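To start, the structure under review is shown below, and the notes come after it.
Residues: numbered from 1 along the sequence shown. Because the structure is a prediction, the values reported are computed rather than measured.
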Amino acid sequence: MTLHAIETREPRHVTEDKIHKPAIHLLPLAAHPRLVYWHTPNGEARSSLTGAKLKTMGVLPGVADLCFVLPDGRAAFIEIKAKKGRQSQEQREFQRRVIEAHGLYAVCHSHEEICSVLTGWGAIRLARHS
């Protein structure tokens with residue numbers, strides 16, 4: 001799998017979904033065999049009844065988009081934002097708590113940033129060809 005084999009050109013108006021989905025498609029192809037990852041769907045519209053139920057079940061506002069247990073056992077998180085996107089107060093608080101607990105945290109605004117962060121963390125292995 002090469003970085004060039006993955007579509008990295010971004011259209012003018014890139015949404016978080018358009019950054020998120022290629023990362024999820026990449027992971028089964030390039031992930032370290034001991035990597036554990038998931039997406040916690042905290043967003044999206046839902047009824048107040050469902051929101052209240054989820055809150056009693058432990059949903060935590062601000063949890064990052066992608067969550068990882070790295071091959072070395074560390075917890076790591078990526079918050080995906082569109083080019084001009086900014087973290088909410090809850091997301092900044094979650095980031096603070098992760099870092100305080102010695103976890104890893106990154107905010108990524110592009111597929112390339114996600115690949116770079118995951119490679120740096122030892123989560124994926126990408127062959128880079130000219």
Closest heavy-atom pair, Phe77 versus Trp121, reported as atoms and distance to 0.1 Å, is O-CH2, 3.4 Å
Closest non-hydrogen contact found for Leu35 with Ala123 is CD2-O, 3.6 Å
Given the options Gln89, Gln91, Glu90, Gln87 meets side-chain contact (heavy atoms from CB on, under 4.5 Å) only with Gln91
Distance col, row Lys81:NZ vs Glu113:CD, nearest 0.5 angstrom, shows 13.5 Å
#### Entry: Cluster link Tyr105 to Val117, ILVMFWY, side chain under 4.5 Å
no
Gly122 and Pro71 have their tightest heavy-atom pair at O-CG, 3.6 Å
Between Ile19 and His111, the two heavy atoms sitting closest are CG2-N, 3.8 Å
d(Glu79 CD, Cys67 SG) to nearest 0.5 Å is 9.5 Å
His20 versus His39: any side-chain heavy-atom pair under 4.5 Å? yes
Under 30°, 30 to 60°, or over 60°: which ring-plane class applies to Tyr37 and Phe68, parallel, tilted or perpendicular?
tilted
When Arg97, His102, Gln95 are each screened for side-chain contact (heavy atoms from CB on, under 4.5 Å) with Ile99, the one that passes is Gln95
Check residues 57-65 and write down every donor-acceptor pair under 3.5 Å in which the side-chain atom is one partner and the other belongs to a residue at least two apart or another chain.
| unit_1 | atom_1 | unit_2 | atom_2 | d |
| --- | --- | --- | --- | --- |
| Asp65 | OD2 | Ile80 | N | 2.7 |

Taken to the nearest 0.5 Å, the spacing of Leu26 CG from Leu118 CG works out to 7.5 Å
Rounded to the nearest 0.5 angstrom, the CZ-OG distance for Phe94 and Ser88 is 11.5 Å
Do NZ/NE/NH1/NH2 and the carboxylate oxygens of Lys18 and Glu16 come within less than 4.0 Å? no
d(Asp17 CG, Lys21 NZ) to nearest 0.5 Å is 5.0 Å
Of all heavy-atom pairs linking Ala31 and Ile124, the shortest is CA-CG2, 3.9 Å
Min side-chain heavy-atom separation Leu70-Leu104 under 4.5 Å: yes
Would the distance check show the side chain of Thr119 and the main-chain N or O of Cys115 forming a donor-acceptor pair, the cut-off being under 3.5 Å?
yes
